[in-house]
Amino acid sequence: MPAVAGRASGGGGTTGRHEGNGAGLGSLAGVPELPEVESVRRQLVPRLTGRRIVAVWWDPHPHARFHAVERLVGRRIDAVGRRGKFLVCPLGGGTEDADLELVLHLGMTGSLRVGATCPDGTDPDAGLSHVRARLDLDDAHTLRFRDPRRFGRLSVVADRAYEQVVPTLAILGPEPLSAAFTVDGFAAGLAATRAPVKARLLDQRLVAGVGNIYADEILHRARLRPDRSADTLDRRRIVGLHDAVVGVLDEAIAAGGSTLGDAQYVDLMGKGGSYQEEHRVYGRAGERCSTCGVGWIRRSVTGGRGTHWCGVCQR
DNA sequence: CCGGGCCCCTGGATGC
DNA sequence: TGCATCCAGGGGCCCG
């Protein structure tokens with residue numbers, strides 16, 4: 001296995017460039033999983049709640065993934081919620097009967113900014129690159145959705161009919177940081193499949209919001225090999241894995257996610273996203289394991305995803 | 001129904 | 001220096 005320059009190969013996505021330019025959220029770089037989306041959500045709440053959308057623009061590019069975005073115009077954002085990696089905003093203020101929601105998935109490279117128009121009418125964010133959608137709000141602010149790789153999705157869904165528009169949201173498992181994520185339910189789901197336990201963590205049905213980076217960190221904390229069959233885990237292992245899911249995600253949210261924010265992001269949060277500094281395995285291939293001090297962090301590729309683990313303390 | 005593999009996309013890093 | 005190739009991984013889709 002070739003040596004990997006671990007930190008440079010990912011490290012939780014620390015590629016945010018300084019683009020601070022006045023009012024607004026800092027851009028959040030990196031692959032957004034539950035902790036990153038939750039951090040974004042918390043920043044958005046005071047800026048979006050109660051705001052009316054007065055105009056909308058979206059990228060006409062054929063690869064852009066938008067659905068019914070035109071229905072946003074005239075609607076009021078009543079709340080900013082989250083399910084797994086999805087931001088879900090109930091919309092009010094319309095004249096039609098349909099119960100509309102704005103559903104946003106950041107994909108791999110999506111990020112959001114909320115910027116104010118200056119009193120002289122100029123827009124400090126006007127020159128931002130890779131803007132795929134823009135929502136003009138009724139308080140002289142604009143929400144911009146940036147997404148270089150176009151894997152993100154922005155949809156308006158009526159009456160929670162997720163099946164056709166956002167199928168993953170329709171089958172999403174319990175929120176890991178809620179009471180709905182029970183050991184019994186988790187155990188039943190794991191016992192039902194011989195798939196590698198990492199695949200089960202990633203597929204969103206057993207538990208919502210875990211992506212590749214946190215799956216590796218969770219399995220390391222639980223001392224489980226990523227390729228271990230899910231149905232071979234005994235109760236003690238399952239409880240440990242459940243605890244690891246909750247513990248890692250909790251700590252990552254507390255750290256502001258695995259991102260490096262620019263100066264503005266730090267200012268708004270009071271602290272920057274720093275969980276990448278706590279990563280024990282992800283992006284650390286070739287380093288000695290900081291948990292056991294004995295093993296070396298290995299890396300393999302399954303399903304096109306990098307997988308990182310310690311050959312000594314994960315069995 | 002399942003599990004595995006490959007595809008979408010594009011900027012940055014790497015290789016020649 | 002410059003061009004080509006590789007790599008990253010959300011979710012979707014297809015195939016055995």
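Below, chains carry the letters A, B, ... as their sequence lines are ordered, and counting in each starts from 1.
Taking 4.0 angstrom as the limit, A/R146 places none of its side-chain polar atoms (N or O) nearer than this to OP1 or OP2 of B/dG11. At the phosphate of B/dT10, neither OP1 nor OP2 sits under 4.0 Å from any side-chain N or O atom of A/H130. Side-chain N/O atoms of A/R149 include none lying less than 4.0 angstrom from OP1 or OP2 on C/dA8.
Checked against side-chain hydrogen bond (donor to acceptor under 3.5 Å, both in side chains), A/D227 has the following partners two or more places apart in sequence or in another chain: A/R225.
Pairs passing the ring-ring contact (aromatic ring centres under 6.0 Å, His included) check and including a residue from residues 32-57 of chain A, sequence neighbours excluded, do not occur. Every pair passing side chain to side chain donor-acceptor pair (under 3.5 Å) that includes a residue from residues 233-249 of chain A is listed here, sequence neighbours excluded: A/D184-A/R235.
Other residues sharing the hydrophobic cluster of A/V294, ordered by chain and number and joined by side-chain separations under 4.5 Å: A/V312. Alongside A/L172, the hydrophobic cluster contains A/F86, A/V88, A/V103, A/V157, A/Y162, A/V165, A/V166, A/L169 (criterion: ILVMFWY side chains under 4.5 Å).
Using a 4.0 Å heavy-atom cutoff across all strands shown, A/R132 reaches no nucleic acid atom at all. Among the atoms of the strands shown, none is found under 4.0 Å from any heavy atom of A/G152.
Ranked by how close their nearest DNA chain C nucleotide is to the 5' end, A/V301 and A/R153 are led by A/V301. Mapping A/R150 and A/G304 onto DNA chain B by nearest heavy atom places A/G304 closer to the 5' end of the strand.
Listed in residue order, the members of residues 157-169 of chain A having a heavy atom less than 4.0 Å from DNA chain C are A/P167, A/T168.
A salt bridge links A/D216 to A/K198: at least one charged side-chain nitrogen sits closer than 4.0 Å to a carboxylate oxygen.
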